[in-house]
Amino acid sequence: QEHLSESGGGSVQTGGSLRLSCAASGDITMGYCVAWFRQAPGTEREGVADLDSDGPTYYADSVKGRFTISRDNANNTLYLQMNRLKPEDTAMYYCAADGWDCTGGPTVDAGDFEYWGQGTQVTVSS
């Protein structure tokens, strides 16, 4: 979806950090459930983290303790701080937005999100 635009991806060595940003435009706001997903070649798109007005409600076990999702309401931007990166974090990263609060369940489903960005590539070299 053209209403969301990711940036901040790049190449980094194992143990490095990146900060991804997702800016909303048009009629999309980040006021409800927003999320980061990632997809490596040949794999399904998986949820990384989500966030609503109550704060983060989901982190994938593989990123918990290393990644932090946050939102700046003033500029309607979603962030993903990625620390201690590993080669298995290599993927296209996408932001997504919904019109409802997050479910708070044990998973985050890509099918629940209507609006998507074009993706930003993260490559972690070992």
Side-chain angles (χ1 to χ4, degrees):
Q1 289 279 355
E2 64 182 6
H3 294 106
L4 300 175
S5 181
E6 302 95 337
S7 62
S11 297
V12 66
Q13 294 200 93
T14 298
S17 297
L18 289 171
R19 183 176 174 86
L20 307 184
S21 300
C22 176
S25 61
D27 59 357
I28 298 177
T29 71
M30 299 294 188
Y32 298 98
C33 188
V34 291
W36 287 98
F37 290 80
R38 65 185 182 185
Q39 186 170 26
T43 71
E44 292 184 321
R45 188 168 299 188
E46 66 170 340
V48 175
D50 70 13
L51 177 75
D52 63 20
S53 61
D54 293 325
T57 72
Y58 174 83
Y59 284 105
D61 288 343
S62 59
V63 309
K64 195 172 299 182
R66 299 188 297 119
F67 291 9
T68 303
I69 186 171
S70 62
R71 173 172 51 199
D72 184 343
N73 292 325
N75 59 14
N76 208 28
T77 301
L78 180 70
Y79 300 99
L80 185 68
Q81 179 65 47
M82 309 166 65
N83 297 325
R84 304 196 306 279
L85 284 161
K86 305 175 180 179
E88 51 263 45
D89 296 318
T90 296
M92 284 288 293
Y93 283 72
Y94 301 88
C95 66
D98 196 16
W100 301 88
D101 287 341
C102 299
T103 65
T107 62
V108 56
D109 186 354
D112 291 337
F113 293 85
E114 182 176 1
Y115 303 105
W116 293 84
Q118 80 288 345
T120 185
Q121 178 69 40
V122 172
T123 301
V124 184
S125 301
S126 62

Exercise for the section: Please test V122 against M82 for side chain to side chain contact (heavy atoms under 4.5 Å, CB included), starting from the C-alpha separation and ending with a verdict. Expected result: CA-CA 10 Å; V122 172; M82 309 166 65; 4.1 Å; yes
Practice task
Please say whether more than 12 non-hydrogen atoms of neighbouring residues, nucleotides or ligands are located less than 6.0 Å from CD in Q13.
Solution key: no
Practice task
Answer yes or no: is there a donor N or O on one side and an acceptor on the other, between the side chain of E6 and the main chain of C95, under 3.5 Å?
Solution key: yes
Exercise for the section: Please lay out, stage by stage, how Q39 and E46 fare under the test side chain to side chain contact (heavy atoms under 4.5 Å, CB included). Expected result: CA-CA 6 Å; Q39 186 170 26; E46 66 170 340; over 6 Å; no
Exercise for the section: State whether the side chain of S5 and the backbone N or O of A23 hold a donor-acceptor pair below 3.5 Å, judged by distance alone. Expected result: no
Problem - Closest non-hydrogen atom pair between A97 and I28, with its separation - result: CB-CG2, 4.1 Å
Practice task
Write out all pairs satisfying side chain to side chain donor-acceptor pair (under 3.5 Å) with one or both partners inside residues 95-104, taking only residues at least two apart or from two chains.
Solution key: none
Handout entry: Check against side chain to side chain contact (heavy atoms under 4.5 Å, CB included), D52 and T57
Key = CA-CA 7 Å; D52 63 20; T57 72; 3.9 Å; yes
Practice task
Kindly give the heavy-atom pair with the smallest separation between Y58 and T107, and that separation in Å.
Solution key: CE1-CA, 3.8 Å
Exercise for the section: Answer yes if the side chains of S62 and R38 hold a donor-acceptor pair under 3.5 Å, and no otherwise. Expected result: yes
Practice task
Determine yes or no for a side-chain-to-main-chain donor-acceptor pair under 3.5 angstrom, with Y59 supplying the side chain and I69 the backbone.
Solution key: yes
Practice task
Give the intermediate values and the outcome of side chain to side chain contact (heavy atoms under 4.5 Å, CB included) for residues Y79 and D72.
Solution key: CA-CA 8 Å; Y79 300 99; D72 184 343; 3.7 Å; yes
Exercise for the section: Taking ring pair (Phe, Tyr, Trp, His ring centres under 6.0 Å) as the test, write out the residues that go with Y93, two or more places apart. Expected result: none
Handout entry: Minimal non-hydrogen separation, A35 against V108, with atom names
Key = CB-CG2, 4.5 Å
Handout entry: Full working for salt bridge (Lys or Arg N to Asp or Glu O under 4.0 Å) between K86 and D89
Key = CA-CA 5 Å; K86 305 175 180 179; D89 296 318; over 6 Å; no
Exercise for the section: Look at the side chain of T90 and the backbone N and O of E88, then say whether any donor-acceptor pair between them is shorter than 3.5 Å. Expected result: no
Fill in the blank from the handout: Interatomic distance, CD@E44 vs CZ@F37, rounded to 0.5 Å, equals 12.0 Å
Problem - Over all atoms of both residues, closest heavy-atom pair of L51 and P56 - result: CD1-N, 3.2 Å
Exercise for the section: Check S17 against N83 and note the closest heavy-atom contact, atom names and distance. Expected result: OG-OD1, 2.9 Å
Exercise for the section: Find out whether T68 and L80 are in side-chain contact, i.e. whether some heavy atom of one side chain is under 4.5 Å from a heavy atom of the other. Expected result: no
Handout entry: Main-chain N/O of V34 paired to D50 side chain as donor or acceptor, under 3.5 Å
Key = no
Handout entry: Closest non-hydrogen atom pair, C22 against L4
Key = SG-CB, 4.0 Å
Practice task
Give a yes or no on whether Y32 atom OH has more than 12 heavy-atom contacts from other residues, nucleotides or ligands under 6.0 Å away.
Solution key: no
Exercise for the section: Measure the shortest side-chain to side-chain distance between V12 and T123 over non-hydrogen atoms and say whether it is less than 4.5 angstrom. Expected result: no
Practice task
Taking the side chain as every heavy atom from C-beta outward, state whether W36 and V63 have any atom pair closer than 4.5 Å.
Solution key: no
Problem - Lys NZ or Arg CZ of R45 over Y94 ring: under 6.0 Å, within 45° - result: yes
